[in-house]
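Only one structure is covered here, and it is reproduced in the block below.
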Number of protein chains: 2
Amino acid sequence: MRRLSSAPASGTAERPTAERGATAERILAAGEELFCQRGFGAVSVRDIAERAGVQKALVFYHYGNKDALFARVLEGYYRAHTEALSRAFAAEGTRRERFHRLIDAYLDFIAGHVRYAVLVQRAVAEPEAHPFIGENLAPLFEWIAGALREVVPSTGPLAAHHFFVTFSGLVINYFTYAPLLRAAGIEHVDRDPASPEALAERKAHVHWVVDVLLDRLEAG
Amino acid sequence: MRRLSSAPASGTAERPTAERGATAERILAAGEELFCQRGFGAVSVRDIAERAGVQKALVFYHYGNKDALFARVLEGYYRAHTEALSRAFAAEGTRRERFHRLIDAYLDFIAGHVRYAVLVQRAVAEPEAHPFIGENLAPLFEWIAGALREVVPSTGPLAAHHFFVTFSGLVINYFTYAPLLRAAGIEHVDRDPASPEALAERKAHVHWVVDVLLDRLEAG
DNA sequence: ACACCGGTTTACCGATCGGTCAATATCAAT
DNA sequence: ATTGATATTGACCGATCGGTAAACCGGTGT
């Protein structure tokens, strides 16, 4: 899993004790890795400090408390997520070209951050989900709704928000269910769901599904 | 949320201290409620014992440890889940009638156990997911794969397992994303996603999607 | 020389965690 | 009445948790 924290300039003189990189950055990076690997509850501040090669009190000094650090981690991921998708959904090309690009970018991003997706799924499930989760979902919805506006009604079972849920489910559920199918010995293909080959096949599937649905919608 | 533990016979004489119902049952019930409300990590054995009106040590006496109790809770839910779906997917009717029944049952079951769905999503995400999660997914996959066998290839982007992931995503993602859309003020409809009206609309949407896909598949 | 200040360390706190243990209550069978 | 298995209790354990307080350190300005 790649890291998403923007690297600091770090051109200043080396600190003698720490390896390198501003302390706050290293703490954030450690938080990213650990939260994604084990989830919020299963990670202690001590773990994070240790991974960052830093004293525990520094975590509180730099980020206030554990929750705030977690929020910062989520923030960073969502920024990267939204950015990746917005680039892919640029208004060039036909409707289905844009959808295909968006789907590919979505699958690629999650494949590059599988544990992050799990983290978000968990955070989403929380009753008091962090507000910026919804906020960051809003533009994604607007793009899809905008691209569908001319071919779907504004209410009812074929309204845009249903297709938004449906399309995102095509992507997300792949990462939550495919590993289970593998574990149960169902998906005979013995390859990592996030491998390039498996990913390409899923992309082709989702492209096919979206095309079939758009065909029907555009036919009126 | 309904409970799923099978009620004990309970015809025996009342115990003086406990209200009623076998102790082990009450512990399991308390575990169900709390795990579903807050997730595994956020619930302490003390919480469960207190909710059950019972001494903490009894939890360990009856179930060994916290993990084992959690496994029992998941087991109960999965049994109910599998049973509900297997009834719906009985082999009567046309292919799409069976799919529609299965979809309705799936949506209804999750709507009746929203917190459970969240719990499972979390458990699924764990690296060492409980094996019976996969085991309980297997029959569901077999039904869908069996019903599709004649119209889909056995490998590639249109293989059965892709449609399994896709169809289940249509249902599951509704419960994880719809609340977010509401919170973000996107889904103008101000109603609970699990309300009968909203549920009926989602059913209609999924029916439509599945029918369109089956139309294309059956057309060759 | 002094004070200031952000960063850092060390030691500590109270709370809570999962789990154990020996003592005890309950009840059916003898 | 005694026994023996099952249920239940309350006290306790070591570990770990998130978080705090005070001292300390190296630089910078005065």
Side-chain angles (χ1 to χ4, degrees), chain A residues 5 8-32 34-35 37-74 123 126 128 130, chain B residues 5 8-32 34-35 37-74 123 126 128 130:
Chain A
S5 309
S10 150
T12 61
E14 306 274 326
R15 298 205 62 262
T17 79
E19 295 73 55
R20 73 194 55 221
T23 311
E25 299 281 347
R26 300 223 315 284
I27 293 172
L28 186 60
E32 269 178 31
L34 293 176
F35 283 140
Q37 280 175 20
R38 313 186 206 156
F40 180 79
V43 173
S44 74
V45 177
R46 281 173 179 83
D47 292 336
I48 296 171
E50 190 177 352
R51 162 87 59 130
V54 136
Q55 208 57 29
K56 173 172 69 91
L58 274 182
V59 177
F60 296 96
Y61 175 77
H62 283 289
Y63 293 97
N65 59 36
K66 190 185 172 187
D67 288 274
L69 174 62
F70 184 60
R72 284 289 297 269
V73 169
L74 281 186
E126 299 299 329
E128 13 56 68
H130 287 84
Chain B
S5 309
S10 146
T12 60
E14 306 275 328
R15 298 203 63 263
T17 80
E19 294 74 53
R20 75 195 53 223
T23 311
E25 299 281 347
R26 300 222 316 285
I27 292 172
L28 186 61
E32 270 179 31
L34 292 177
F35 283 140
Q37 280 174 20
R38 311 185 208 157
F40 180 79
V43 173
S44 75
V45 177
R46 282 173 178 83
D47 292 337
I48 297 171
E50 190 176 353
R51 163 87 58 133
V54 136
Q55 205 59 25
K56 173 171 68 90
L58 272 184
V59 177
F60 296 95
Y61 175 77
H62 283 289
Y63 293 97
N65 59 35
K66 189 185 172 188
D67 289 273
L69 174 61
F70 185 60
R72 285 289 297 271
V73 169
L74 281 186
E126 299 299 329
E128 12 58 69
H130 288 84

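As a basis for the values below, the full set of heavy atoms in this structure was taken, side chains included, without hydrogen atoms, waters or symmetry mates. In this text, all values refer to a predicted model and were calculated from it rather than measured experimentally. The chains referred to below are lettered A, B, ... by the order of the sequence lines, with proteins before strands, and numbering in each begins at 1.
- Regarding Leu58(A), its CG atom lies at a distance of 17 Å from the P atom of dC24(D), rounded to whole Å.
- Regarding Ile48(A), its CD1 atom lies at a distance of 8 Å from the P atom of dG18(D), rounded to whole Å.
- Between His62(B) and Leu69(B) there is no side-chain heavy-atom pair separated by less than 4.5 Å.
- Regarding Glu25(A), its CD atom lies at a distance of 15 Å from the C1' atom of dG7(C), rounded to whole Å.
- Residue Arg26(A) contributes atom CZ, which lies 12 Å from atom C1' of dT8(C) at whole-angstrom precision.
- The CG atom of Leu28(A) sits 12.5 Å away from the OG1 atom of Thr23(A) when rounded to the nearest 0.5 Å.
- Between Asp47(B) atom CG and dA15(C) atom P the separation is 17 Å, expressed in whole Å.
- Note that Lys66(B) lies in the cation-pi zone of Phe40(B), set by a 6.0 Å cut-off to the ring centre and a 45° limit from the axis.
- Taking for each of Arg46(A) and Tyr61(A) the nucleotide of DNA chain C with the nearest heavy atom, the 5'-most of the two is the partner of Tyr61(A).
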For Leu34(B) and Gln37(B), run side chain to side chain contact (heavy atoms under 4.5 Å, CB included): C-alpha distance rounded to whole Å, both residues' side-chain angles, the deciding distance at 0.1 Å, then the answer. CA-CA 5 Å; Leu34(B) 292 177; Gln37(B) 280 174 20; 4.2 Å; yes
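- A close approach under 4.0 Å does not occur between any side-chain nitrogen or oxygen of Thr23(A) and OP1 or OP2 of dG7(C).
- OP1 and OP2 of dT8(C) both lie 4.0 Å or more from every side-chain N or O belonging to Gln55(A).
- Atoms CZ (Phe60(B)) and P (dA11(D)) sit 17 Å apart, rounded to a whole Å.
- Comparing Gly64(A) and Ser44(A) along DNA chain D, the residue whose closest nucleotide (by nearest heavy atom) sits nearer the 5' end is Ser44(A).
- Using a 4.0 Å heavy-atom distance criterion, Val43(A) is classed as a sugar-phosphate-only contact.
- Each of Ala57(A) and Ala57(B) was assigned the nucleotide of DNA chain D with the nearest heavy atom; the assignment lying further toward the 5' end belongs to Ala57(B).
- Counting all heavy atoms, side chain and backbone alike, Glu25(B) lies closest to Tyr63(B) at N-OH, 4.4 Å.
- Rounded to whole Å, the distance from OH on Tyr63(B) to C1' on dG18(C) is 18 Å.
- Taking atom CD of residue Glu50(B) and atom P of nucleotide dT8(D), one finds them 18 Å apart after rounding to whole Å.
- Under 4.0 angstrom from either OP1 or OP2 of dT8(C) there lies at least one side-chain N or O belonging to His62(A).
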